[in-house]
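Inspection log for the structure reproduced underneath, given as structure tokens.
All values derive from a computational prediction rather than experimental measurement.
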Amino acid sequence: MKAAVCPEYGPPEVVRIEELPTPLLASGQVRVQVGAAAVNFPDVLLVAGQYQIAVPVPFIPGSEFAGVVTEVASDTDGFTVGDRVTGTGLFGAFAEQVCVPPAGLARIPDGVDERVAAAFGVAHRTAHHTLRSAARVEPGDDVIVLGAGGGVGLAAVQLATALGARVTAVASSDEKLSTAAQYGSASLINHTRGDLRAALREALPDGAHAVLDPVGGDLSEPALRTLRRGGRFVTIGYASGVIPRIPLNLVLVKGIQVLGFQFQDIAPDEFTRNEAELGELLATGKVKPHIGAVYPLAETTGALREVASGKAVGKVVIQVR
């Protein structure tokens, strides 16, 4: 099979396409013929050797895929040959085939394209669980979304709007903000054009109820200062490459909560509720990922480079089949 391989840590250019042996199906696994895979920022960090978890080289990058089940181990239940599925994992998705435990798979709803299914999982799950169980957004809340043109950020714009919140989108280009507006953002701020704190204060004179931050860097503190008393600031990641330092007196004086998002911290009953809500939104087409670019498997390096550059709008997808 053909696969993208990271032979050594480095920039996206180290990744190359190789012909590899078909992976062996182990006990308790399902084989999937991959149709499409989506690129996430942690994929770039794994290739660079800069993620919080290291994967020994050589390895196949890619954490999100969609395809068709072609083989099921004899001791494995839950899926049959021909099922259309989507799945996530730490690595291995940028290949024509993957063998994974069934716990990492979910069926693709009828009528949903493989590209859409591949692009929906990581970003929209992260955004929805963050909104519902960390930020606890309610209808009518004002929500600031940093990095609103990226995968998680744009998903948060869509989902917060679907929850009835008013979204203030913060991004680095007019193109990204234009896309955020298409998905329901009420206010748009290009943070490269002036004082972000002043722009947020003008857009939200009464302050925001919540901030979702997948970016970090210089954007975090101005957004936190815009929270109203009792608001919630949720840190999701650091796409800027810089982990912010927050003056704790702001937390004390404003009575706000600063939270870190991790899936494992969500209560089981809330996790089940959130997943059911998200599945319904996908199946009914009420929320659909914005796919900003599609690359063939042979151009995986280009796909990783676009995500690494910070210029990607929405999700970048690799067409494998």
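Looking at T284, its side chain does come within 3.5 Å of a backbone N or O of E280 through a donor-acceptor pair. With hydrogens and angles ignored, the 3.5 Å screen pairs a side-chain donor or acceptor of D75 with a backbone N or O of G28. No side-chain donor-acceptor contact under 3.5 Å links Q33 to the backbone of V68. Proximity of a side-chain donor or acceptor of R31 to a complementary backbone N or O of V98 within less than 3.5 Å is not detected.
F120 and H124 have parallel rings, their planes meeting at less than 30° on a 0 to 90° scale where 60° marks the start of perpendicular.
Scored by the side-chain contact (heavy atoms from CB on, under 4.5 Å) test, I243 finds Y238 as partners (sequence neighbours excluded). Looking at residues two or more places apart in sequence or on another chain, you find a side-chain contact (heavy atoms from CB on, under 4.5 Å) between S63 and N40, D43. Annotation: side-chain contact (heavy atoms from CB on, under 4.5 Å) contacts of T272 (sequence neighbours excluded): none.
Between E202 and R197 there is no salt bridge, since no side-chain nitrogen of the basic residue lies less than 4.0 Å from a carboxylate oxygen of the acidic one. With salt bridges taken as basic N to acidic carboxylate O contacts below 4.0 Å, one links D174 and R193. Between E277 and R132 there is a salt bridge, with a side-chain nitrogen of the basic residue lying less than 4.0 Å from a carboxylate oxygen of the acidic one. With salt bridges taken as basic N to acidic carboxylate O contacts below 4.0 Å, one links R16 and E18. Between D83 and R107 there is a salt bridge, with a side-chain nitrogen of the basic residue lying less than 4.0 Å from a carboxylate oxygen of the acidic one. At a threshold of 4.0 Å, the pair R84-E114 does not count as salt-bridged, since none of the basic side-chain nitrogens sits closer than that to a carboxylate oxygen.
D213 and T235 share no side-chain donor-acceptor pair at under 3.5 Å.
The side-chain heavy atoms of E64 and K315, taken from C-beta on, include a pair separated by under 4.5 Å.
Among pairs with a residue in residues 289-310, those fulfilling side-chain hydrogen bond (donor to acceptor under 3.5 Å, both in side chains) read E13-R305, Y183-H290, Y295-E306, at least two apart in sequence or across chains.
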Worksheet item: Yes or no on salt bridge (charged side-chain N to carboxylate O under 4.0 Å, His left out) for E19 and K2, after CA distance, side-chain angles and deciding distance?
Response: CA-CA 5 Å; E19 190 72 37; K2 286 185 172 62; 3.5 Å; yes

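In the hydrophobic clustering (ILVMFWY side chains linked at under 4.5 Å, chained through shared members), V313 stands by itself. Other cluster members for L204: I144, L146, V170, I189, L196, L200, V211, V215, L219, L224, L227, F233, I246, L248, L250, V251, I256, V258, joined by side-chain heavy-atom distances under 4.5 Å among Ile, Leu, Val, Met, Phe, Trp and Tyr.
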